[in-house]
Every structure is written in structure tokens, then in C-alpha cells.
2 protein chains.
Amino acid sequence: MAADPLSRVFAALGDPTRRDMVARLTLGDATVNELAAPYDISLQAVSKHVRVLEDAGLVSRSRSAQRRPVHLEAEVFDLMTKWLERYRRAAEERYRRLDDVLAALPDDAHPEGGARP
Amino acid sequence: MAADPLSRVFAALGDPTRRDMVARLTLGDATVNELAAPYDISLQAVSKHVRVLEDAGLVSRSRSAQRRPVHLEAEVFDLMTKWLERYRRAAEERYRRLDDVLAALPDDAHPEGGARP
DNA sequence: TGCGTACGCAACCAAACGGTTGACAACGGC
DNA sequence: GCCGTTGTCAACCGTTTGGTTGCGTACGCA
């Protein structure tokens with residue numbers, strides 16, 4: 001299937017239902033039934049969603065009796081944060097450099113092709 | 001099609017090729033041809049990828065002559081960072097609370113079902 | 001004016017995705 | 001030992017997605 005973990009994480013969070021479930025899980029562990037409650041989709045569909053989140057490493061499941069509580073895993077968030085931070089910083093850096101360039105321009109040199117109106 | 005911006009952003013970044021393009025764009029704007037160079041897929045496929053990134057608000061395209069340089073947009077990163085930070089903090093909070101609970105336990109109360117080994 | 005370059009649009013295709021229903025396994029309680 | 005609860009597995013279905021090819025358009029240049 002999908003290779004790298006990062007792709008799985010991003011893809012998993014691309015679905016609003018799954019993001020919603022993550023939000024719910026920050027309040028505490030929950031069973032599949034509890035997770036399914038707010039939605040009018042089948043239990044199996046919810047189970048599938050949980051599996052996608054699990055494959056992405058976003059949640060883990062222990063088992064206590066026949067219940068299988070879903071637990072939010074924090075580490076992957078760090079992975080994403082690291083990725084994001086890297087590119088956010090690069091983008092900012094580019095802005096800063098652009099500012100420098102603009103500041104260094106002689107004021108008669110105003111090309112009409114300003115990219116950002 | 002897809003409703004909320006956040007879903008589009010996450011979904012867009014779920015594809016490794018598109019994440020790669022974002023990485024490339026942090027080095028500076030690029031044309032579709034330049035973006036396509038490293039991959040052995042058709043130019044049209046690359047064009048499609050760029051369109052997905054554009055719909056997600058991750059890039060913008062100006063036009064200078066027949067060239068249509070792709071430019072990385074920083075704002076959406078902030079949107080993601082905000083989302084991420086919220087849940088990262090919530091997850092950490094949960095850990096902290098768990099630590100408190102464990103610390104408050106009488107030392108003869110050791111249930112065998114420790115979720116996190 | 002015609003030509004080459006850069007790119008988008010449309011149609012198509014196979015694979016993946018989100019959802020369904022039906023059957024079935026695992027476990028606690030009576 | 002049986003029953004209800006909890007949840008997964010498997011097969012199927014319509015839509016989306018990533019890729020292709022072919023054609024068309026916009027523009028700079030000779």
C-alpha cells in the first residue's frame with residue numbers, strides 16, 4: 001500500500017470524519033461504539049476509519065475484555081510538527097529574503113510584474 | 001467537491017510527489033517544466049498535481065509571458081500549524097494528567113493492564 | 001506570418017477509497 | 001451452556017484519484 005509514514009498520516013487526516021475522531025480522542029480513550037455515536041454511518045465504516053488511523057500510527061488499540069479502547073498516540077504529531085516547521089521556516093525565510101531584495105532595489109527600478117498584489 | 005480547506009491541504013500533502021514538489025518550491029518559484037524534471041511522469045500529470053496544490057491554497061500561479069511560475073504560499077502552513085498545535089498540546093496534556101494519576105496511585109494498586117509498556 | 005515552446009483541457013483507465021450488508025469470532029453475564 | 005454485546009473480516013458498489021494520450025491555446029521570436 002502506501003509506503004512512507006508521513007503520507008499515511010497526512011492522508012489519514014485528509015478525511016474530516018477522521019480528524020473529528022482525533023478531536024474526540026483528545027478527551028480520552030473511546031471504544032469504537034462510542035466513536036461511532038455522533039455519525040450516522042455503519043459501525044464497520046467507523047472500524048475502517050480507526051484502522052486507517054492505526055495504520056498511520058495516530059492511534060493504538062489495547063484490549064480490555066471484549067472492549068478495544070482506541071488511544072490517541074502523540075508521537076506522530078511530533079513527526080508532523082517537525083515536517084511542517086521545516087517548510088514553514090523555509091517559506092518565512094523566502095519572504096525575508098524577498099523583503100531584503102525589495103529594500104535593496106533602487107527606487108526607479110519598479111518592474112511591472114509584481115507577483116503579489 | 002471536497003468541502004473544507006483543511007481536508008484539501010492534508011489530502012494534498014498525502015501524496016509524496018506533491019510533498020516533494022513543496023520541498024522543491026521552498027528553494028524558489030519554478031515552472032511546471034522545472035517541477036516535472038525530476039520525475040518520469042508526463043507533464044500533464046505534474047500539471048494536475050500543481051492544480052491540487054493550488055486548490056489546497058498551498059501554491060499560487062502568476063503568469064509572466066507563456067511561463068506560469070508556481071509560487072509556494074506560506075499562509076496555509078500557518079493554518080495547519082494551528083490545527084496541529086492544538087492537538088499536540090491536548091495530547092501532551094493527557095500525558096501530564098496520566099502522570100498525575102499514576103503518581104497519586106497507592107503503590108499496592110497496580111493493575112496488570114498497563115497500556116503503555 | 002508562421003513556428004516552436006509552455007501549458008491546460010478532455011476523455012479515458014486502473015486502482016484506491018468510503019460506504020454498505022452479511023457472516024462470524026471473542027468475551028462477560030445469566 | 002447459551003445469549004447479548006462488541007467488534008472485525010469479506011464481498012460488493014459508486015466515486016475519486018493518479019496516471020495516460022491527444023488536441024488546443026497562448027505567447028515569443030524569426
Side-chain angles (χ1 to χ4, degrees), chain A residues 1-22 24-25 29-56 58-71 111-113 115, chain B residues 1-22 24-25 29-56 58-71 111-113 115:
Chain A
M1 315 271 178
D4 60 311
L6 215 40
S7 289
R8 289 194 229 210
V9 175
F10 277 118
L13 294 175
D15 186 295
T17 303
R18 276 183 311 245
R19 277 205 313 283
D20 206 44
M21 289 178 177
V22 168
R24 206 137 204 288
L25 285 171
D29 297 4
T31 68
V32 174
N33 264 297
E34 288 166 349
L35 279 178
Y39 317 105
D40 58 347
I41 60 178
S42 73
L43 209 64
Q44 288 93 325
V46 174
S47 192
K48 276 194 186 182
H49 278 305
V50 173
R51 177 166 247 279
V52 172
L53 290 172
E54 193 178 17
D55 286 348
L58 278 161
V59 305
S60 63
R61 274 183 285 187
S62 42
R63 66 197 56 197
S64 84
Q66 74 272 55
R67 239 145 275 168
R68 222 155 292 195
V70 182
H71 174 82
E112 81 295 344
Chain B
M1 312 276 177
D4 61 310
L6 215 39
S7 289
R8 289 193 228 207
V9 175
F10 278 119
L13 294 175
D15 186 295
T17 304
R18 276 183 311 244
R19 277 205 314 284
D20 206 44
M21 290 177 178
V22 168
R24 207 137 202 288
L25 286 170
D29 297 4
T31 68
V32 174
N33 263 296
E34 288 166 349
L35 280 177
Y39 318 104
D40 58 348
I41 61 178
S42 73
L43 208 63
Q44 288 91 328
V46 174
S47 193
K48 276 194 185 181
H49 278 305
V50 173
R51 177 167 245 280
V52 172
L53 290 172
E54 194 178 17
D55 287 348
L58 277 161
V59 305
S60 63
R61 273 183 286 187
S62 43
R63 65 196 54 196
S64 85
Q66 73 272 55
R67 238 146 275 167
R68 223 155 291 195
V70 182
H71 174 83
E112 81 295 343

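All values below come from the heavy atoms of this structure, side chains included, with hydrogens, waters and symmetry mates left out. Within every chain, numbering begins at 1; the chains are lettered A, B, ... in the order of the sequence lines, protein sequences first and strands thereafter.
With rounding to whole Å, A/Tyr39 atom OH is found 19 Å from C/dT20 atom C1'. At whole-Å resolution of the value, CG in B/Leu53 and C1' in D/dT17 are 14 Å apart. We find that CZ of B/Arg51 is positioned 14 Å from P of D/dG18, with the value rounded to whole Å. For the pair A/Arg63 CZ and D/dG7 P, the interatomic distance rounds to 11 Å; values are reported in whole Å. When the P atom of C/dG8 is taken as reference, atom CD of B/Glu54 falls 8 Å away, rounded to whole Å. The separation between A/Leu43 atom CG and C/dG19 atom P is 13 Å, rounded to whole Å. One interatomic measurement links the two molecules: CD of B/Glu34 to P of C/dA6, which rounds to 10 Å at whole-angstrom precision. With rounding to whole Å, B/Arg61 atom CZ is found 9 Å from C/dC7 atom P.
Within the 4.5 Å cutoff, no side-chain heavy atoms of A/Val70 are placed close to those of A/Glu34. Residues A/Met21 and A/Val52 are not in side-chain contact: their nearest non-hydrogen atoms beyond the backbone lie 4.5 Å or more apart. In this structure, the side chains of A/Ile41 and A/His49 come closer than 4.5 Å at one or more pairs of heavy atoms. Side-chain atoms of A/Leu6 and B/Leu13, non-hydrogen and from C-beta on, never get closer than 4.5 Å to each other.
Residue B/Thr17 holds its OG1 atom at 10.5 Å from CG of B/Leu53, rounded to the nearest 0.5 Å. Taking CG of A/Asp4 as the reference point, atom CZ of A/Arg8 lies at 8.0 Å (rounded to 0.5 Å). For the atom pair CG of B/Leu58 and CG of B/Leu25, the computed distance is 10.0 Å after rounding to the nearest 0.5 Å.
When each of B/Gln44 and B/Lys48 is assigned the nucleotide of DNA chain D with its nearest heavy atom, B/Lys48 is the one assigned upstream, toward the 5' end.
Distance from the side chain of B/Ser42 is smallest to D/dT21 among D/dC9, D/dT6, D/dT21. Residue A/His49 places its side chain closer to C/dG18 than to any other of C/dC7, C/dG18, D/dT6.
Remark: side-chain polar atoms of B/Arg63 are not paired, donor with acceptor, to backbone N or O of B/Arg68 under 3.5 angstrom.
OP1 or OP2 of D/dA26 has not a single side-chain nitrogen or oxygen of B/Arg68 nearer than 4.0 Å. At C/dC7, none of the side-chain N or O atoms of B/Ser47 fall inside 4.0 Å of OP1 or OP2 (strictly under the cut-off). Of the side-chain N and O atoms in A/Asn33, one or more sit less than 4.0 angstrom from OP1 or OP2 of D/dG7.
At a non-hydrogen distance threshold of 4.0 Å, A/Asp15, A/Arg18 from residues 13-22 of chain A come into contact with DNA chain C.
Note on A/Arg24 versus A/Asp20: no salt bridge recorded, every NZ/NE/NH1/NH2 to OD/OE distance being 4.0 Å or above.
Taking five base pairs at each end of the helix from C/dT1-D/dA30 to C/dC30-D/dG1, the local helix axes there meet at an angle of 20°, rounded to 10°.
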